[in-house]
Amino acid sequence: MKRLPSDFNSDESVQENWYDLREDWALIEASLAKQYGIRIRQHGNMPFSEFCTLVTGLMPDTPLGSIVTIRSEKDPKVRRGFSKEQRRIYNEWRNRKAEDKLADPDMLNQEFKGMEAMLTKMFGGGGA
């Protein structure tokens, strides 16, 4: 899947997608209809870049926005207050992303290199 611009994420240093175009298509359609009044199936000639812009601009009060808000929650105190359904949504997304990383050795290696660079920066590595 092509990496889209960061959205629903206030920390711009973290580029992580919180939705999947295929799996979340129904949520995307409903969200575009709610926020913009656009029935995407009736706009077959919409440029992909415009579609990406519209999806990126979806607010948290849309169907996709509410799911992304749950999936991207980082505060453990907030997560402790999740309902059973919110915990299911959060856990399913985390499990799916973990499985994706394990299934792709290159992605896993990239994650480890990123972690190594972060630890080196934090603890001042560089050899003896």
Side-chain angles (χ1 to χ4, degrees):
M1 183 170 97
K2 182 178 179 181
R3 187 167 213 88
L4 298 177
S6 177
D7 55 358
F8 304 109
N9 190 346
S10 60
D11 183 358
E12 290 301 318
S13 67
V14 177
Q15 292 290 319
E16 188 165 355
N17 287 328
W18 298 106
Y19 61 91
D20 181 277
L21 282 175
R22 285 184 215 123
E23 292 182 26
D24 295 324
W25 184 252
L27 294 170
I28 292 169
E29 283 184 305
S31 296
L32 292 173
K34 178 180 181 182
Q35 185 164 317
Y36 305 113
I38 293 173
R39 298 285 179 195
I40 193 69
R41 292 176 195 251
Q42 297 172 355
H43 290 274
N45 59 349
M46 180 184 291
F48 186 69
S49 61
E50 182 179 349
F51 169 78
C52 291
T53 300
L54 293 174
V55 172
T56 300
L58 289 172
M59 301 301 289
D61 67 340
T62 62
L64 180 64
S66 63
I67 295 297
V68 166
T69 299
I70 294 166
R71 290 174 178 171
S72 64
E73 184 55 60
K74 292 187 181 350
D75 187 342
K77 291 179 185 175
V78 173
R79 289 195 313 258
R80 277 193 288 275
F82 275 0
S83 69
K84 185 177 180 179
E85 180 65 10
Q86 288 171 317
R87 274 193 294 279
R88 182 192 64 76
I89 292 166
Y90 179 85
N91 289 331
E92 281 181 1
W93 182 255
R94 297 294 170 161
N95 290 339
R96 185 176 334 135
K97 296 309 262 182
E99 288 171 6
D100 289 350
K101 287 180 183 178
L102 290 174
D104 184 352
D106 292 333
M107 184 186 291
L108 190 60
N109 192 33
Q110 183 179 355
E111 291 286 327
F112 280 123
K113 284 182 180 179
M115 190 175 358
E116 181 180 15
M118 179 185 68
L119 290 171
T120 299
K121 185 177 178 181
M122 286 173 56
F123 299 109

Undergrad: Does any non-hydrogen side-chain atom of Thr62 lie less than 4.5 Å from one of Tyr36?
TA: no

Undergrad: Kindly check if the number of other-residue, nucleotide or ligand heavy atoms within 6.0 Å of CD (Glu92) is above 12?
TA: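 Count over threshold, so yes.
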
Undergrad: Could you work out, with side-chain contact (heavy atoms from CB on, under 4.5 Å) as the rule, every residue matching Arg87, not counting sequence neighbours?
TA: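 If we apply the side-chain contact (heavy atoms from CB on, under 4.5 Å) test to Arg87, skipping adjacent residues, the hits are Phe82, Lys84, Asn91.
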
Undergrad: Any donor and acceptor pair, going by atom type alone, linking the side chain of Thr120 with main-chain N or O of Glu116 inside 3.5 Å?
TA: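 Yes.
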
Undergrad: As an exercise, state the distance from CG of Leu54 to CG of Leu32, rounded to the nearest 0.5 Å.
TA: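 With rounding to 0.5 Å, CG (Leu54) is 6.0 Å from CG (Leu32).
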
Undergrad: Please answer whether the main-chain N or O of Arg22 pairs with a side-chain N or O of Asp20 as donor and acceptor at a distance below 3.5 Å.
TA: yes

Undergrad: Could you check Glu99 against Arg96 for salt bridge (Lys or Arg N to Asp or Glu O under 4.0 Å), going step by step and ending with a plain yes or no?
TA: CA-CA 5 Å; Glu99 288 171 6; Arg96 185 176 334 135; over 6 Å; no

Undergrad: Given the side-chain rings of Tyr90 and Trp18, with only the six-membered ring counted for Trp, is the space between their centroids under 6.0 Å?
TA: no

Undergrad: Would you compute the distance between atom CD1 of Ile67 and atom CD of Gln86 and round it to the nearest 0.5 angstrom?
TA: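 Output value for this atom pair is 9.0 Å.
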
Undergrad: Within a strict 4.5 Å, meaning less than it, do heavy atoms of the Phe51 and Ile40 side chains meet?
TA: yes

Undergrad: With rounding to the nearest 0.5 Å, note down the distance linking CG in Asp75 to CZ in Arg80.
TA: 8.0 Å

Undergrad: Do Arg94 and Lys97 have side-chain heavy atoms sitting under 4.5 Å apart?
TA: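 Heavy-atom side-chain distance check fails, nothing below 4.5 Å.
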
Undergrad: Enumerate the residue pairs fulfilling salt bridge (Lys or Arg N to Asp or Glu O under 4.0 Å) with a member in residues 46-73, sequence neighbours excluded, ordered by first and then second residue.
TA: Asp24-Arg71

Undergrad: Check side chain to side chain donor-acceptor pair (under 3.5 Å) between Gln42 and all other residues, then give those that pass, not counting sequence neighbours.
TA: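 Scan of Gln42 (side chain to side chain donor-acceptor pair (under 3.5 Å), adjacent residues dropped) gives none.
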
Undergrad: Report yes or no: does Ser31 contribute a side-chain atom to a donor-acceptor pair with the main-chain N or O of Leu64 at less than 3.5 Å?
TA: yes

Undergrad: Side-chain contact test, heavy atoms from C-beta onward, threshold under 4.5 Å: evaluate it for Val55 versus Leu58 and give yes or no.
TA: yes

Undergrad: Hey, is the main chain of Gly57 close enough, under 3.5 Å, to the side chain of Gln35 for a donor-acceptor pair?
TA: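 Yes; judged by distance alone, with no hydrogens or angles, the pair exists.
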
Undergrad: Quick one: pull up CE in Met46 and OG1 in Thr53 and give me the separation to the nearest 0.5 Å.
TA: 10.0 Å

Undergrad: So how far is it from Met59 CE to Thr69 OG1, rounded to the nearest 0.5 Å?
TA: 10.0 Å

Undergrad: Of all heavy-atom pairs between Pro63 and Ser66, which one has the smallest distance, and what is that distance?
TA: O-OG, 2.9 Å

Undergrad: Got a second to check how far Glu23's CD is from Ile28's CD1, nearest 0.5 Å?
TA: 10.5 Å

